[in-house]
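Start at 1 with the first residue, then count along the sequence.
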Amino acid sequence: MGMEIDWVVLAILVAFILYSLLTNAVERSLITLPIIFMCLGFLVSDPLKAAAPPEVLDESKRLLAEVTLVLVLFSDASRVQFAKLKQTWVLPARMLLIGLPLSIGIGTVVTLLVNPAGGLAMALLTAAVLSPTDAALGLPVVASPEVPEPLRETINVESGLNDGLVLPFVVLGATLAAAGGSLEHTDGLALSALSQIVLGPLAGISVGWIVAKAMDYAQSRDLTAESAEGVVFLATALAAYVAAQVIGGNGFIAAFVAGMVFGNTYRHDIRFVHEFMEGAGQLLTMSAFLVFGALLLPDGLAHVTPKAVLIAVLFLTVVRMGAIWLSLTGSGLRSREKLFLGWFGPRGLASILFTLVVMDEFDIPGEAELLACVSMTVAFSIIAHGLSATPLASRIGRTGPGSDD
């Protein structure tokens, strides 16, 4: 048994090395990191499950989920600069403040219509888990100089913020689903959810501000070695999460808020956060998609139904694109630009990690249905958005400014 797991781990590490050596070549192709590691995970699923004890796999995927989501939330939020956002806030604000709630609302209705037996609570939870987007799946769009800057900035800001903004809906949906969808006898659960949503941001604000000020002070006096900056980022993100847990708040919301406060309070060069995520963060991202392919996707396929496939397709098209189209009405964007922004709402890391955490934290009756819906949506998104990112980025870049509203 020990030798078998060693061979599986060795194969995975070789894949990590080969991908890293061929990073530039892969970026010039239509194949993306999520496609590669989802497929690799699917290939090693059976030997991995046969070689490793189930409890070890469960604990490992939960730990990976928590650490990756905390770092992604903190890092994404730290990129959002309030000063810069003042100049380009209109489009992302429309998509976040109008499009995101619309997406959750429309998604809840669609899920309930397709699968009424699941109930309103499960429909809300499904919609919340499948609403946040992942710019990593459309990286050629965000990084492409051919895409007009307002569109690139809008996609980047939206994907950076919607993970944190959707968390209260995930907590609410999971709380109600765990209570059987009934509002009766949920006073304790409702109070717990409210405390998580309120105390989480307080912990994030405190940790983010204190560490940013302390680091400014230390760097102004040349007390901090450059090699230690990544450690500060890692420890700050995790400290925000743990501090929130200690006082009864939601650790993920705390990490998101801490990142935003840190990024807008810290006065020195913050590039160390992004450099860390490009290195160690990429390793975590590879691992997350590999875990999805190895552990979640096979289990999701085992419970897949035509209803789950229909929900997945509708979320990537009607729900997302309809909500974004409505939120951008009157914005001055052309139809093709609104469709472009609506289409590039890929589902990936956040949906995977929210699902892992929710399944572990809550006793949900419709867990298999949720896993099937999320697995199908993320798998379709990884392939469709990954393959279409480069061609559509080039296409939108060849059209000039204008409006057809």
Side-chain angles (χ1 to χ4, degrees), residues 62-86 96 132 135-136 156-157 159-168 170-171 195-285 288 349-350 353-354 357:
R62 170 60 193 271
L63 179 61
L64 174 66
E66 290 186 336
V67 172
T68 305
L69 186 53
V70 166
L71 296 184
V72 166
L73 288 170
F74 188 99
S75 174
D76 285 350
S78 71
R79 295 172 185 264
V80 181
Q81 297 298 307
F82 295 149
K84 186 176 181 180
L85 197 58
K86 290 179 183 178
L96 288 166
N156 195 37
V157 171
S159 65
L161 290 179
N162 62 14
D163 295 352
L165 295 178
V166 82
L167 272 171
V170 174
V171 172
S195 67
Q196 289 191 55
I197 294 170
V198 172
L199 297 177
L202 292 179
I205 291 171
S206 301
V207 172
W209 187 86
I210 290 171
V211 176
K213 288 295 185 182
M215 194 169 181
D216 273 332
Y217 179 88
Q219 289 200 321
S220 297
R221 288 155 180 78
D222 196 26
L223 301 177
T224 305
E226 186 174 341
S227 59
E229 293 174 343
V231 177
V232 174
F233 154 61
L234 176 63
T236 303
L238 295 176
Y241 175 84
V242 174
Q245 296 286 87
V246 168
I247 64 174
N250 184 281
F252 300 116
I253 297 177
F256 172 76
V257 174
M260 187 174 294
V261 172
F262 184 92
N264 286 275
T265 303
Y266 183 62
R267 296 307 172 198
H268 289 75
D269 193 343
I270 201 173
R271 73 180 187 279
F272 63 88
V273 172
H274 316 312
E275 289 174 351
F276 183 95
M277 290 303 292
E278 288 173 359
Q282 188 177 63
L283 182 62
L284 287 172
T285 303
L349 202 55
L353 300 176
F354 282 151
V357 171

List the atom pairs, donor and acceptor, that lie under 3.5 Å between side-chain atoms in residues 233-248 and the rest of the protein, sequence neighbours left out.
{"unit_1": "T236", "atom_1": "OG1", "unit_2": "V232", "atom_2": "O", "d": "2.6"}
{"unit_1": "Y241", "atom_1": "OH", "unit_2": "E66", "atom_2": "OE2", "d": "3.1"}

Interatomic spacing from OG1 in T265 to CD1 in I205 - rounded to 0.5 Å:
10.0 Å

Please confirm whether F74 and F276 have ring centers closer than 6.0 angstrom.
no

Taking the side chain as C-beta and beyond, is there a heavy-atom pair between V170 and V357 under 4.5 Å?
no

Search all heavy atoms of S227 against all heavy atoms of V231 and return the closest pair with its distance.
O-CG2, 4.4 Å

Who are the side-chain hydrogen bond (donor to acceptor under 3.5 Å, both in side chains) partners of E229, not counting sequence neighbours?
Q219

side-chain contact (heavy atoms from CB on, under 4.5 Å) with A218: which residues, sequence neighbours excluded?
L223, T224

With the side chain counted from C-beta on, respond yes when M277 and T285 share a heavy-atom pair under 4.5 Å apart, and no when they do not.
no

Donor-acceptor pairs are to be reported for all side-chain atoms of residues 251-263 against protein atoms at under 3.5 Å, with residues two or more places apart or in another chain.
none

All pairs passing side-chain hydrogen bond (donor to acceptor under 3.5 Å, both in side chains) where residues 250-261 contributes a residue, at least two apart:
Q196-N250

Can you name the residues that form a side-chain hydrogen bond (donor to acceptor under 3.5 Å, both in side chains) with D269, not counting sequence neighbours?
R271

What distance separates I270 CD1 from E275 CD, expressed to the nearest 0.5 Å?
11.5 Å

Please report the C-alpha distance between L353 and V72 in whole Å, then the side-chain angles of each, then the deciding distance to 0.1 Å, and finally whether the side chain to side chain contact (heavy atoms under 4.5 Å, CB included) criterion is met.
CA-CA 11 Å; L353 300 176; V72 166; 5.6 Å; no

